[in-house]
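These notes concern the structure reproduced below.
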Amino acid sequence: MLKRLLEMELPLVWVLLSLLTTKSVLSATVNITQLEEIEIIDLNIICENANLEVANAKCEEQLRIICANGSLLFTMLDASGKFPFAGLGYATKWDYGNFDQCMSIDHTYEGGRILGEHCATGLVFPDFLSNLTNTDTWFRLGICRPNACNATDLIQLASNITGIFPSIFQDGMCETMETNRELTSQDLFTAVFVSVCVFFMITSTMYDFYLNKKQLKCKRPLYLAFSVLSNGRKLLHVERTPKAGQIETFNGFRVISMAWIIAGHGIIGYPAVAVSNDNDVQEWENQRYAFYITAAPLAVDTFFFMSGFLLAYLYLKQKAKPFSAHVRSVPVMYLHRYLSGSLPRLTPALFACYMTSITLFRLLGRGPLWTFYTQQMINSCKQYWWTTFLYIQNYYNYDDICLTPLWYISADMQMFLLSPLVIIPIALHLQKSWGFKLSMAELAVINLSFIALPMTLKLLFPDYDNEYDTHSRLINYYIGFMLAVFMRVKHDKPFLYFVSGQRLSLVNLITWIVIILGMLATVICYQEVEITHGHTGRSVFQSLMRPAWCIGLSWIVYSSYHGYGGFVNWILTRPIFQVVGRLTYCMYLMHGLVLVYYICTIRTQTYFNDYNAFYFFCGHYVMSLLVALFWTLAFESPFLTIEKLMFENGAKRTEEKAPREENGVEAVRNGVINGVEAVRNDVINGVEAVRNDVS
């Protein structure tokens, strides 16, 4: 390969320097005591034959200092990637070099200071055996260079030796030990915000501990809002006897789906790093048995299903009321969703995640890819901060989302904003004797239209590439909605009341077999379609797989609710799922940063196989769980308590100012206490796993 490059008149001076350095080390193995003498002689020959004149005076000065210091020159060259490297035709075409060795260079001289600057893609040249127009197939070498020099200086330096030198040096993914380490006002603000929350946690916990020890009652619950003891007890509380009407299977849905999402996102990170068996990674992506990971998007569909179910199930729990009362309650619902559902519940944890991402997170790690990827994340979040908190970034900037997993929260908020258009007519219909059949027919038509809508758009617009859109997931939401209407109206009916008792067990068994096989086929076919079908086949399948998946979920919920779920219900209702399920929202928020931290701090090539993928998933899951535990206790649970106290005090003041039987006030109170209870529980249960940074 090197001969071929030379024949194409692409002399790799930096590679040759590295090879000469390697020769010095090999020669030194003969007599280790002569290492310094041998390396200095060889490297001095290099410097003596090189013309170090470049346009950048500071760079030229540093080059001369380095050439006069053989040990410094050796360290800088030794930290750079070498070519050819092991596994040239098998591994990723990327050699990072030695990042930490380059970062250790900190040489002070009379005229200034030399820092090692590591550029993960500092030297890029084509593989002439592959497609030359695709730069992704080119070889990339990490180089260590003086911090005052840039790619232009190195090209000029190489041209001084060879006469003409191609532009294969780049300023790609470069950083020194001081890059992005200075504190800004935003860093200080975030540090103060986090410190204040931690301070409140400590003082509130100490106060709670004092009250418990003295067996005193707290007269001001606000003082215990940040208590780790009180919030920890709520977090760890397990209900052995479920409440009437409670959907226990949702605990298992949330936990299992969250684990599936983390596993899927963990696999996505492999193409971003150097892998020693890149061919295996590419082959694995096309293996049919990889469906257990590649079908992870179905986990997000599960959350949309739960969200739609809980909205309808809890909203329809309230007493019948006229159309005007429903309409008047809508603004209150929206306000409560954004202020109670978002600010005290969603936004503090989301705000802390957002501010940490754009400020302190960049100070927590270091690696060949660290600055490049963290800066990309920071730039996206700073540019589109407003779309993040207006919940529209899955449409407005879908190709550059701040904290990619947050697209779900945007989509869920949009579905909620549209929900009164459906839920109010359904609620009014159900007040009539004939309303149930009409409501189910209307919802069936709505769901059929939500199957046809995304399919039609994708077929008519093949270039449409927004994989985070809301309209493609409306079917998940409203199948859950439809099931909730059925179960709320028919809650007093026995299981499969329309089937005779003698056939009940047989019908249940057959249905379970069909549902399990159907859901398994959906997961398997997801990978099959991705491998073997084009745009048309994928568009049709993706529009049909979501309703198929949600129909399976509907049967699991309905059957388990009536006690016919068998071992599936037993698994989904394990007590531990109640505890972990309360952490899933913050897990969803923070797992992206956990994955980014791991990927961006990798120093060497990694090896990919199924065992390692599972091993790393376990680590990602546990770390996400621990980070989520802190995030929940610091930023979610305290503000839930504050929100509860605010609305309780507001309700008391309302009772003192106006009589309960006044219709207008009654409508508003019902909107807050009853109607909006659907929203509150929707956020607690349905969205908790993915209420949160980035498919």
| query | After noting the C-alpha distance and the side-chain angles of Glu530 and Arg288, does the key distance pass the salt bridge (Lys or Arg N to Asp or Glu O under 4.0 Å) rule? | reply | CA-CA 10 Å; Glu530 289 293 320; Arg288 287 173 171 80; over 6 Å; no

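- A salt bridge is defined here as a Lys NZ or Arg NE, NH1 or NH2 lying under 4.0 Å from an Asp or Glu carboxylate O, and Arg145 with Asp171 meets this definition.
- Formation of a donor-acceptor pair under 3.5 Å by the Arg64 side chain with backbone atoms of Glu61 is not found in this model.
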| Yes or no on side chain to side chain contact (heavy atoms under 4.5 Å, CB included) for Thr190 and Val194, after CA distance, side-chain angles and deciding distance? | CA-CA 6 Å; Thr190 305; Val194 175; 4.3 Å; yes

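- Ring to ring, Phe83 and Phe125 are close: their centroids are under 6.0 angstrom apart.
- Minimum heavy-atom separation, Asn466 to Asn394: ND2-O, 3.0 Å.
- With ring centers used as reference points, Phe291 lies 6.0 Å or more from Tyr526.
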| task | Kindly determine whether Phe635 and Phe351 satisfy ring-ring contact (aromatic ring centres under 6.0 Å, His included), including the steps that lead there. | result | CA-CA 9 Å; Phe635 306 115; Phe351 177 76; 9.2 Å; no

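- Comment: Asp95 does not engage Lys82 in a salt bridge, judged by the lack of any side-chain N to carboxylate O separation of less than 4.0 angstrom.
- Side-chain contact of Asp78 with Thr75: a donor-acceptor pair under 3.5 Å is absent, judged by distance alone.
- In this structure the side chain of Ile105 never reaches within 4.5 angstrom of the side chain of Leu115, judged on heavy atoms.
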| request: Test Trp631 against Thr356 for side chain to side chain contact (heavy atoms under 4.5 Å, CB included), laying out the working first. | output: CA-CA 12 Å; Trp631 229 253; Thr356 301; 3.7 Å; yes

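- Here the side chain of Tyr598 pairs no donor or acceptor atom with the backbone of His620 at under 3.5 angstrom.
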| Should Asn147 and Thr176 be marked as a side chain to side chain donor-acceptor pair (under 3.5 Å) after you check the CA-CA gap, both sets of side-chain angles, and the distance that decides it? | CA-CA 7 Å; Asn147 62 297; Thr176 69; over 6 Å; no

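- Within 6.0 Å of the OH atom in Tyr109, the count of heavy atoms belonging to other residues, nucleotides or ligands exceeds 12.
- For residues 98-137, every residue pair satisfying the disulfide bond (SG atoms under 2.5 Å apart) rule, not counting sequence neighbours, is listed here: Cys102-Cys144, Cys119-Cys174.
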| request: Under the ring-ring contact (aromatic ring centres under 6.0 Å, His included) rule, what do His591 and His265 come out as? Steps first, then yes or no, please. | output: CA-CA 9 Å; His591 82 277; His265 287 166; 5.0 Å; yes

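- Checking side-chain atoms of Asp278 against main-chain N and O of Val275 turns up no donor-acceptor pair under 3.5 Å.
- The main-chain N or O of Leu364 is found under 3.5 Å from a side-chain atom of Tyr597 such that the two form a donor-acceptor pair.
- Ring pair Phe617/Phe614 is tilted by interplanar angle, where 30° to 60° counts as tilted.
- With sequence neighbours excluded, the residues satisfying side-chain contact (heavy atoms from CB on, under 4.5 Å) with Tyr289 are Trp284, Gln287, Tyr292, Asp610.
- Only one option out of Tyr398, Tyr395, Trp407, Tyr396 pairs with Tyr468 in a ring pair (Phe, Tyr, Trp, His ring centres under 6.0 Å); it is Trp407.
- Counting only residues at least two apart or on different chains, the side chain to side chain donor-acceptor pair (under 3.5 Å) pairs with a member in residues 364-379 are Glu175-Thr371, Asn180-Gln375, Gln375-Asn379.
- No side-chain donor-acceptor contact under 3.5 Å links Gln62 to the backbone of Gly112.
- Taking a 6.0 Å sphere around CZ of Phe199, one finds it holds 12 or fewer heavy atoms contributed by other residues, nucleotides or ligands.
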| field | Candidate pair Tyr607 and Asp280, rule side chain to side chain donor-acceptor pair (under 3.5 Å), full reasoning | value | CA-CA 9 Å; Tyr607 178 74; Asp280 291 345; 4.7 Å; no

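- Ionic pairing of Asp100 and Arg603 is present here: one or more N-O contacts between side-chain nitrogen and carboxylate oxygen are shorter than 4.0 angstrom.
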| message | Does Val273 form a side chain to side chain contact (heavy atoms under 4.5 Å, CB included) with Ile602? I'd like the steps, not just the answer. | response | CA-CA 8 Å; Val273 300; Ile602 293 176; 4.0 Å; yes

| field | Trace of the ring-ring contact (aromatic ring centres under 6.0 Å, His included) decision for Trp386 with Tyr384 | value | CA-CA 5 Å; Trp386 59 279; Tyr384 298 112; 7.4 Å; no

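- For Tyr90, the OH atom is densely surrounded, since the number of other residues' heavy atoms within 6.0 Å is greater than 12.
- Thr121 and Gln170 form no side-chain donor-acceptor contact under 3.5 Å, judged by distance and modelled atom types alone.
- Nearest heavy atoms, Ile358 versus Ile378: CA-CG1, 3.8 Å.
- Checked against the 6.0 Å centroid criterion, the rings of Tyr391 and Tyr408 do not qualify as a close aromatic pair.
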